[in-house]
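Here is how names work: the chains are called A, B, and so on, in the same order as the sequence lines, proteins then strands, and each is numbered from 1.
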Protein chains: 2
Amino acid sequence: MEKQTRTGGEATRLALIEAAIRLFGSQGYDAVSTRQIADAAEANIGSIAYHFGGKPGLRLACAEYVANRIATLAAPAAVSSLPAEPDAATAMLEAAIERFARFLVSSRDAGTYAAFLLREIIQPGEVVDYIYDTLIGRAHKRLCALFGVATGLVPESPQVKAAVFSLLGQVLYFRVARPVVLKRMDWDDIGETETDQLVNVFRTNVRGLIAAHRKG
Amino acid sequence: MEKQTRTGGEATRLALIEAAIRLFGSQGYDAVSTRQIADAAEANIGSIAYHFGGKPGLRLACAEYVANRIATLAAPAAVSSLPAEPDAATAMLEAAIERFARFLVSSRDAGTYAAFLLREIIQPGEVVDYIYDTLIGRAHKRLCALFGVATGLVPESPQVKAAVFSLLGQVLYFRVARPVVLKRMDWDDIGETETDQLVNVFRTNVRGLIAAHRKG
DNA sequence: GTCTATAGTCGGATAGAC
DNA sequence: GTCTATCCGACTATAGAC
């Protein structure tokens with residue numbers, strides 16, 4: 001892969017991917033036309049065929065791009081080693097959920113990426129496989145390990161796996177059903193204040209879940 | 001509205017709606033063609049224009065149908081009055097979440113309806129407004145009331161609203177991200193056994209959340 | 001109410017000039 | 001690598017026979 005990030009082909013390639021992620025995320029793959037994408041990227045229609053072979057190729061390129069971006073942003077979290085003490089594990093889980101929540105709910109880029117990923121995750125496909133292998137699977141496994149230490153349960157047991165999905169799911173909900181949440185909360189937007197409120201609830205939830213599942 | 005549920009127009013009308021819900025839910029509104037729907041309903045293409053004016057009209061009719069069906073199915077739950085004791089409220093919350101989970105995860109019809117609703121909820125639109133007003137808003141409010149009794153918190157406070165969304169969100173996750181869950185759990189499907197396992201986790205989660213949020 | 005034929009639109013892909 | 005012109009296919013919607 002030759003590098004020429006500034007000018008020429010690579011620039012329009014990126015512009016196309018970023019425009020496509022935004023449009024696919026907000027309207028869905030089928031609802032977006034290649035012309036729309038080219039316009040938004042200020043590129044030519046032909047360039048999509050040139051760079052990606054066609055619309056499906058562009059979709060895959062978007063998935064790779066998003067997966068890499070998120071992996072990069074989330075990388076620091078994956079490095080640290082597993083603690084031995086339940087309290088330490090609980091604290092790390094809380095912190096992880098907070099990071100996830102802040103990333104998902106308030107970061108602007110993340111909103112775009114999340115919308116794109118969500119659309120893909122809803123139904124099976126090769127994009128989902130790719131994302132699962134590079135992102136979700138690993139992250140979930142690591143959180144299960146933490147949950148195992150925190151509760152004394154077997155990390156790879158169905159119970160732990162499901163509980164961890166519950167923790168992630170509640171956070172995701174506020175992104176998926178954002179319109180509904182805003183309406184019910186009487187919020188115009190989820191800004192700093194609102195995010196802090198939500199994070200507090202999530203943290204309490206994490207502690208509650210761990211306590212409820214704890215062995216003995 | 002004239003009734004002739006057995007034969008003629010009303011029958012094909014229903015067939016069209018039911019086929020459309022299934023297809024819209026699994027593939028998305030834009031990805032489905034009116035021909036596909038007509039074929040699946042064993043009806044003629046022209047009948048869509050006749051009964052609903054066009055594809056958008058059919059979409060709205062689907063939303064109304066789903067909202068009414070779910071409202072009917074969930075009606076028994078909404079009748080009972082508010083308990084005074086925290087323990088009773090907790091038990092009712094647990095039961096409500098279990099009902100919701102069984103409905104959402106295992107019931108076949110619900111799976112279809114849920115998939116359709118999810119697609120609509122992701123992005124704002126008049127369908128979402130309708131569904132919020134007839135379904136989600138009321139149900140959420142009632143659950144908040146129960147949560148308030150169970151914890152001693154103010155039912156309409158942001159904290160309670162968010163906590164209740166968390167409870168619902170975790171359940172919804174297993175529907176939204178079903179492909180991911182199946183992969184990670186190493187399940188082929190979410191049958192009776194699997195649903196029971198999940199319900200147990202949800203029940204534990206409810207108790208944990210209430211305990212963690214409880215005042216004093 | 002049902003069905004067919006057709007008009008009109010739009011989208012993806014391609015070929016080829018630059 | 002970029003851009004234009006164009007083809008082909010698929011779709012929705014409409015009009016009208018039955």
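Taking 4.0 angstrom as the limit, A:Thr12 places a side-chain polar atom (N or O) nearer than this to OP1 or OP2 of D:dT2. For A:Asn44, a side-chain nitrogen or oxygen approaches OP1 or OP2 of D:dT4 to under 4.0 Å.
A:Tyr65 and A:Tyr113 have perpendicular rings, their planes meeting at more than 60° on a 0 to 90° scale where under 30° would count as parallel.
Across every non-hydrogen atom of A:Ile122 and B:Pro179, the tightest pair is O-CG, 4.0 Å.
A:Tyr50 places its OH atom 9 Å from the C1' atom of D:dT2, with the value rounded to the nearest Å. Remark: P of D:dC11 and CD of B:Gln27 are 11 Å apart, rounded to the nearest angstrom. B:Asp39 places its CG atom 11 Å from the P atom of C:dT4, with the value rounded to the nearest Å. Nucleotide C:dG1 holds its P atom 12 Å from the CZ atom of B:Phe52, rounded to whole Å. Atom CD of A:Glu10 and atom C1' of D:dG1 are 12 Å apart (whole Å). Separating the CG atom of B:Asp30 from the P atom of C:dG11 is a distance of 11 Å, rounded to the nearest angstrom. Between A:Glu42 atom CD and D:dT2 atom C1' the separation is 15 Å, expressed in whole Å.
Ion pairing between a basic and an acidic side chain is recognised when a charged N comes within 4.0 Å of a carboxylate O; B:Asp196 and B:Arg102 show such pairing.
Nearest to the side chain of B:Ser33, among D:dT2, C:dT2, D:dC11, sits D:dC11.
Aromatic ring centroids of B:Tyr173 and A:Phe165 lie under 6.0 Å apart.
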Show me the protein contacts with nucleotides 13-18 of chain C, counting only N or O atoms at under 3.5 Å.
residue : atom : partner : partner atom : Å
C:dA13  : OP2  : A:Lys55 : N            : 3.1

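A cation-pi contact links B:Lys55 to B:Tyr29, judged by a cut-off of 6.0 Å to the six-membered ring centre and 45° from its axis.
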**Message:** One pair to check against side-chain contact (heavy atoms from CB on, under 4.5 Å): B:Phe24 and B:Ile37. What are the steps and the verdict?
**Reply:** CA-CA 9 Å; B:Phe24 288 159; B:Ile37 298 168; 3.8 Å; yes
